[in-house]
Q: 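Structure incoming, see below.
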Protein chains: 2
Amino acid sequence: MNDLSEAQQIRDLIDRLTRLSAAEEWNGPLNPSQFAALSYLARANRYSRAPSHVADYLATTRGTASQTLKALARKSLIDETRSDADKRSIRYDVAPDGLDLLKVPSGLDEVINELPNETSFVLTAGLKALVNAMLLRRDNRSFGLCRTCKHHQGREKGGYCKLLEVELSPVETGQICHEHAAT
Amino acid sequence: MNDLSEAQQIRDLIDRLTRLSAAEEWNGPLNPSQFAALSYLARANRYSRAPSHVADYLATTRGTASQTLKALARKSLIDETRSDADKRSIRYDVAPDGLDLLKVPSGLDEVINELPNETSFVLTAGLKALVNAMLLRRDNRSFGLCRTCKHHQGREKGGYCKLLEVELSPVETGQICHEHAAT
DNA sequence: ATTTAATAATAGCGAGTCGAAACTATTGCA
DNA sequence: TGCAATAGTTTCGACTCGCTATTATTAAAT
């Protein structure tokens, strides 16, 4: 009945949705890339906040990620911290002003919230399947939550990472890790 | 159980999916915006291929759309035709080379095609709901298929548009129209 | 203990997107 | 006839994007 293939239709809907949402973001203080980077940093654990990790998560190059992070730092939304252990690496932490920006719900957020529970449930499942397939295809890291990782061991409070060999606070086990591996 | 709200999770999945797909597009001959514009032109009817229509569909400004279309014309992927009736307006038609580019399936297309039928069905429904809600919110045109419009009247062959008062070929009734209004 | 190689981040380049505002050329209306 | 609305373009400044050096620093191989 449809003239478009199901695939093209879904692709077009995703693209339109993103453009509709992006059009609203351009009216705000941050462009879509800057917002995505800031949002990632706010959810990533302290081992996953380097420019290279942001680049990997956003599926872009280190050069591009570096520029976007510098732009956020210029606006005092994130703070740069050089590592003592490895003097080459840098970690960015979200500053108070950055956290404030993330609190404002976007138009897309509001629209999603009005979806029936059942719809948002199947939507999440479908999108997860697509993202996972794309990650696999491109040989990208999964960037899942610490506590869902195969290196994670539960503790009475928080947890322990067998890979990095560190104790983890309850908050940290709910953060995104670049070393995440599915069970 | 999840630390992220359902809304934020869905938003992040859509954003990641778009970025993953965009990263592949940058390796091709067209950037994401140019590809989206070309794809739209290939599906829109002859009354909906002006710069202003492209701008509206892509949720951007006329200025930006104009630049993207000029870039596509420079690459000989689309042809510019000035209207006789209204000397201000322009219509862009996709050139043979442009059509060839659209035939190549993207990585995201392939991934979508591997989804179970049921999953892609509910995914389409969910995304449609979100897009429609965003369009309503922003007071944007819907850009639906001609034959699903309230101004459309079926004929033995093709159809007739009560708004534009023109006869339509079978192909045209399956194209996107900027005047589309839901029944 | 040195060289050499890998890694982390950045700078600079050219093409292009993005909104906003200024600017033509038409067309429609009063 | 005159002015406002409309269609499209141009220019601007900020920025993204991939790419290719380039600079530190660290790791591995001699």
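Computed from a prediction, not measured in an experiment: that's the story for all the values here. Letters go in sequence order (proteins before strands), and every chain restarts at 1.
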Q: Can you sort out the partners of Phe35(A) under ring-ring contact (aromatic ring centres under 6.0 Å, His included), two or more places apart, ordered by chain and number?
A: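 Here no residue qualifies.
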
Q: Please enumerate all residues that pass salt bridge (Lys or Arg N to Asp or Glu O under 4.0 Å) together with Asp97(B), with sequence neighbours excluded.
A: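 Expected list: none.
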
Q: Quick one: is Ser52(A) getting a side-chain N or O under 4.0 Å of the dA9(C) phosphate, OP1 or OP2?
A: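 For dA9(C), OP1/OP2 do have a side-chain N/O of Ser52(A) under 4.0 Å.
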
Q: What is the distance from CD of Gln67(A) to P of dG12(C), rounded to the nearest Å?
A: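 After rounding, the gap between these two atoms is 10 Å.
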
Q: Once side-chain hydrogen bond (donor to acceptor under 3.5 Å, both in side chains) is applied, do any residues pair with Ser48(B), and if so which ones, sequence neighbours excluded?
A: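 Partners of Ser48(B) by the side-chain hydrogen bond (donor to acceptor under 3.5 Å, both in side chains) criterion, ordered by chain and then number, come out as Asn45(B).
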
Q: What ring pair (Phe, Tyr, Trp, His ring centres under 6.0 Å) pairs are there with at least one residue in residues 157-183 of chain A, not counting sequence neighbours?
A: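 Qualifying pairs, neighbours excluded: His53(A)-His178(A).
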
Q: Base, sugar-phosphate, or nothing: which does Arg82(A) touch, judged by heavy atoms less than 4.0 Å apart?
A: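 Counting heavy atoms under 4.0 Å across all strands, no contact is made by Arg82(A).
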
Q: What integer distance in Å separates His178(A):NE2 from dT7(C):P?
A: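 Rounding to the nearest Å, NE2 of His178(A) and P of dT7(C) are 14 Å apart.
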
Q: Return a single string for nucleotides 25-30 of chain C, one symbol per nucleotide in 5' to 3' order, where B is base contact, S is sugar-phosphate-only contact and - is none, cutoff 4.0 angstrom on heavy atoms.
A: BBS---

Q: Near DNA chain D, counting only heavy atoms under 4.0 Å, which residues of residues 53-64 of chain B show up?
A: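 Heavy-atom contacts with DNA chain D come from Arg62(B), Gly63(B).
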
Q: With sequence neighbours left out, what residues match Tyr57(B) under ring-ring contact (aromatic ring centres under 6.0 Å, His included)?
A: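 By the ring-ring contact (aromatic ring centres under 6.0 Å, His included) rule, Tyr57(B) matches Tyr40(B), Phe143(B).
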
Q: Please name all residues satisfying side-chain hydrogen bond (donor to acceptor under 3.5 Å, both in side chains) with Asp79(B), sequence neighbours left out, ordered by chain then number.
A: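 Partners of Asp79(B) under the side-chain hydrogen bond (donor to acceptor under 3.5 Å, both in side chains) test: none.
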
Q: Under the side-chain hydrogen bond (donor to acceptor under 3.5 Å, both in side chains) test, which residues partner Glu179(B), sequence neighbours left out?
A: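 Once residues adjacent in sequence are excluded, the partners of Glu179(B) under the side-chain hydrogen bond (donor to acceptor under 3.5 Å, both in side chains) criterion are Arg141(B).
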
Q: Remember a base hit wins even if backbone is also touched, and classify Arg74(A) as base, sugar-phosphate or nothing at under 4.0 Å, heavy atoms.
A: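 Contact class for Arg74(A): sugar-phosphate only.
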
Q: Please list, in numerical order, the residues of residues 17-39 of chain A that have a heavy atom closer than 4.0 Å to any atom of DNA chain D.
A: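 Heavy-atom cutoff 4.0 Å gives Asn31(A), Ser33(A), Gln34(A).
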
Q: Could you list the donor-acceptor pairs under 3.5 angstrom formed by side chains in residues 62-70 of chain A, with sequence neighbours left out?
A:
unit_1, atom_1, unit_2, atom_2, d
Thr64(A), OG1, Thr61(A), OG1, 3.1
Thr68(A), OG1, Thr64(A), O, 3.2
Lys70(A), NZ, Glu80(A), OE1, 3.2

Q: Enumerate the residues from residues 136-143 of chain A whose closest heavy atom to DNA chain D is under 4.0 Å, giving them by residue number; use none for an empty result.
A: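 Per residue number, the list is empty: none.
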
Q: Any side-chain N or O of Lys75(B) less than 4.0 Å from the OP1 or OP2 oxygen of dG16(C)?
A: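 The answer is yes; a side-chain N or O of Lys75(B) sits under 4.0 Å from OP1 or OP2.
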
Q: Which is true for Ala50(A) with a 4.0 Å heavy-atom rule: it touches a base, it touches only sugar-phosphate, or it touches nothing?
A: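 Sugar-phosphate contact only - Ala50(A) comes under 4.0 Å of backbone atoms but never of a base.
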
Q: Would you check if there is a donor-acceptor pair between the side chains of Asp15(A) and Thr18(A) at a distance under 3.5 Å?
A: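 No.
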
Q: My understanding is that only one of Arg155(A), Arg147(A), Lys157(A) makes a side-chain contact (heavy atoms from CB on, under 4.5 Å) with Thr173(A); could you say which?
A: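 Of all the options given, the one that passes is Arg147(A).
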
